[in-house]
Amino acid sequence: MKTKVLSLLVENTSGVLSRVSGMFSRRGYNIDSLSVGVTQDPKYSRMTVVVTGDDKILSQIKNQLDKLEDVVKIIELKDGESVCRELALVKVKADKDQRQEIISIANIYRANIVDVSPDSLMIELTGNSGKITAFLHLLEGFEIEELVRTGITGLTRGAFDGTSL
């Protein structure tokens, strides 16, 4: 099984997310991660979709996506040729004794403390998925009250050649 990160340039119209995700559900394919946002041109949005499967399934996914009217372009974001990031927000239960240790772990990962309450800290961390997973592993000795991850988003490296749209 392989994992691929696909960057889809799609028309920014009502229902486009439903049509793209509907293709996956109709075919029985799973989406591991999905993030969507408008581009520099408000006529288009960029979807970053992470999928897992064998070569045949991954090829079928790309072919089926290419058939959708809303999909303008599909780019595979390959390791070394692209930059992919994810955001995590983690609310950790922290009394006065634990607070400094949690802050020290956050500092090692260049995470930001974005909220402090008498009994918890909220930490914001941006990086590749491996960095976020490693950070969460170090927090296993603490009680994580809430956790959310955005999913991967990314762009290809290098100069803009005008063909991204």
(request) Go through the structure and list residues passing side-chain hydrogen bond (donor to acceptor under 3.5 Å, both in side chains) with Gln64, not counting sequence neighbours. (result)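 Arg27.
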(request) Kindly write out the residues that satisfy side-chain hydrogen bond (donor to acceptor under 3.5 Å, both in side chains) with Asp95, not counting sequence neighbours, or none if the list is empty. (result)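 With neighbours one apart ignored, the set is empty.
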(message) I'd like to check the salt bridge (charged side-chain N to carboxylate O under 4.0 Å, His left out) partners of Arg99; sequence neighbours left out, ordered by chain and number.
(response) none
Any donor and acceptor pair, going by atom type alone, linking the side chain of [X] with main-chain N or O of [Y] inside 3.5 Å?
X      : Y      : result
Ser59  : Lys56  : no
Thr150 : Leu87  : yes
Ser33  : Ile152 : yes
Thr39  : Tyr44  : yes

(request) Could you check Met47 against Val20 for side chain to side chain contact (heavy atoms under 4.5 Å, CB included), going step by step and ending with a plain yes or no? (result) CA-CA 10 Å; Met47 291 185 180; Val20 170; 3.9 Å; yes
Does some side-chain heavy atom of [Y] sit less than 4.5 Å from a side-chain heavy atom of [X]?
X      : Y     : answer
Ile123 : Leu89 : no
Asn30  : Phe24 : no
Leu139 : Val92 : yes
Leu155 : Arg46 : yes
Leu6   : Lys62 : yes

(message) Assess whether a salt bridge exists between Glu81 and Arg157, defined as any Lys/Arg side-chain N lying under 4.0 Å from an Asp/Glu carboxylate O.
(response) no
(request) State whether Glu145 and Lys93 are salt-bridged, where the test is any N-O pair (Lys NZ or Arg NE/NH1/NH2 against Asp/Glu carboxylate O) under 4.0 Å. (result) no
Cluster overlap [X] with [Y], hydrophobic side-chain contacts below 4.5 Å:
X      : Y      : value
Val16  : Ile75  : no
Met23  : Val5   : no
Leu138 : Ile113 : yes
Leu68  : Leu9   : no
Ile144 : Ile108 : yes

Who are the side chain to side chain contact (heavy atoms under 4.5 Å, CB included) partners of [X], not counting sequence neighbours?
X      : answer
Arg110 : none
Asp119 : Ser117
Lys43  : Asp41
Lys2   : Asp55, Leu58

Picking from [options], what satisfies side chain to side chain contact (heavy atoms under 4.5 Å, CB included) with [X]?
X      : options               : answer
Leu121 : Asp115, Ile103, Val90 : Ile103
Val49  : Leu8, Asp32, Ile61    : Leu8
Leu34  : Leu17, Thr153, Val50  : Leu17

(request) Check the pair Thr52, Thr3 against side-chain hydrogen bond (donor to acceptor under 3.5 Å, both in side chains), reporting the backbone distance first and the verdict last. (result) CA-CA 4 Å; Thr52 303; Thr3 298; 3.2 Å; yes
(message) Are there over 12 heavy-atom neighbours, none belonging to Lys131, within less than 6.0 Å of that residue's NZ?
(response) yes
(message) Tell me whether Asp79 at atom CG has more than 12 heavy atoms from other residues, nucleotides or ligands lying less than 6.0 Å away.
(response)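 Incorrect, the count does not exceed 12.
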Minimum-distance pair of heavy atoms, taken over all atoms of [X] and [Y]:
X      : Y      : answer
Ser7   : Gly154 : OG-O, 4.4 Å
Pro42  : Asn12  : O-ND2, 3.0 Å
Ser129 : Arg149 : O-NH2, 3.5 Å

Residue pairs, two or more places apart or on separate chains, that pass ring-ring contact (aromatic ring centres under 6.0 Å, His included) and touch [range]:
range           : answer
residues 50-86  : none
residues 67-100 : none
residues 49-101 : none

Pairwise distance [atom1]([X]) to [atom2]([Y]) - rounded to 0.5 angstrom:
X      : Y      : atom1 : atom2 : value
Ile105 : Gln100 : CD1   : CD    : 10.5 Å
Ile102 : Asn107 : CD1   : CG    : 12.0 Å
Asp54  : Gln60  : CG    : CD    : 8.0 Å
Leu147 : Met122 : CG    : CE    : 11.0 Å

(request) Among residues two or more places apart or on two chains, list those pairs meeting salt bridge (charged side-chain N to carboxylate O under 4.0 Å, His left out) that have a residue in residues 8-25. (result)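 Output for this query lists Arg19-Asp70.
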(message) The criterion is ring pair (Phe, Tyr, Trp, His ring centres under 6.0 Å); which residues satisfy it with Tyr109, sequence neighbours excluded?
(response) Phe135
